[in-house]
Amino acid sequence: MAFAIGSNLLDAIVLSVVSREGTYGYKITQDVRTVMDVSESTLYPVLRRLQKNGCLATYDQAYDGRNRRYYTITPLGRQRLEEALADWEAYKRQIDSVFYGGEKQ
Amino acid sequence: MTKREFLMALNDALYPLSEDERSAAVKYYSDYIDDAGEGDLDKVLSELGSPQQVAASIKADSEIGRSIPPAPPAPPPAGPGGAGSRRQGTAPTGPEITRSGLPGWLVVLLVLLLIPVWAPLLMAALGLLIGIFGLFLGIFAAAAGLVFAGVWVAVSGLIALPAGPLVGVLVLGVGLILLGIGLLFGILAVFLCTVVLPALLRGIGWVCRAPFRRQGSGGAY
């Protein structure tokens, strides 16, 4: 992608991906990588930070003869995501108004 | 390299971090490697990068994680041992980190010890500001005075016109010149108040907030 991605945006994308379903590290990485070019080792620190901030929680569940660690979004995380979506909407409108001369998309 | 070797090297490379941190990271990458596929372990490991690179990205991030809650006041610019370059090249979109390695108490001590240095500087800056405001006020007063005097002289000239046309016209002219200069000063004063003053105030606000700006949660726009 031609545009730099700030850590706030990356946090919001991860929250959004996790908010759909309880999911695990590899799947989160794959889901995020479908929309942006991040390296395989970028997401663990993000997940860990969000977990420490209380935006994400983890639980272990048996899968294929082992315990896999799943991530799920907390109420605080959901609130953060809502805020990020509102910010994104405002940001997008502003950029659109520059790109497309103020026509509402 | 086997999965086990990778995870052990990762654990070692994470060493300054707590047991909790290390085992969480090892668990994550253990799951990750299992989920990434049975067949091509070498490919998965090479995509992840070396255990040292993976560990470096975790350590870099756990530092900002720690620095957010206590929020030390006024961190000085990174010293010679600054941790600015700890991030590895593998994470193109990782959070931006520039954090000096000084503990909070040392910062407070430095601020206290350096009072003789920054207090006079602060006073000088304050004096300069008061001077600038004084200058603005002076320009205003000059504009008002010139306009007032110009009108006064011009009116005197008009009154004197019937008695002595030559002197009357001269005085009227001088009055109009004064009025013109006064109006120019007025324009200057209005420009200063509407453009320069707000910019100046914004600048002061910006400088005052500068020490606290770095604690925004890694915001990088």
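Order of the sequence lines sets the chain letters (A, B, ...), proteins ahead of strands, with each chain counted from 1. This one's a predicted model, so the numbers in the text were calculated from it and none came from an experiment.
Under the 3.5 Å distance criterion, with hydrogens and angles disregarded, a donor-acceptor pair is assigned to the side chains of T42(A) and S39(A).
In this structure, chain B has heavy atoms under 4.5 Å from both the backbone and the side chain of Y44(A). Heavy atoms closer than 4.5 Å to chain B are found nowhere in T58(A), neither backbone nor side chain. Heavy atoms of Q30(A) lying under 4.5 Å from chain B belong exclusively to its side chain.
Side-chain contact between V111(B) and W118(B) is present, with at least one heavy-atom pair separated by less than 4.5 Å. Residues L41(B) and F6(B) fail the side-chain proximity criterion, which asks for heavy atoms closer than 4.5 Å.
For Y26(A), the ring-ring contact (aromatic ring centres under 6.0 Å, His included) partners two or more places apart in sequence, or in a different chain, are Y32(B). Every side chain to side chain contact (heavy atoms under 4.5 Å, CB included) that T194(B) has, sequence neighbours left out, goes to V190(B).
Ring pair F148(B)/W152(B) is parallel by interplanar angle, where below 30° counts as parallel and above 60° as perpendicular.
Applying the salt bridge (charged side-chain N to carboxylate O under 4.0 Å, His left out) definition to pairs two or more places apart or across chains, those involving residues 15-36 of chain A are E21(A)-K27(A), K27(A)-D31(A), R33(A)-E40(A).
Proximity to chain B at a heavy-atom threshold of 4.5 Å picks out R66(A), N67(A), R68(A), R69(A), Y71(A) from residues 65-81 of chain A, in numerical order.
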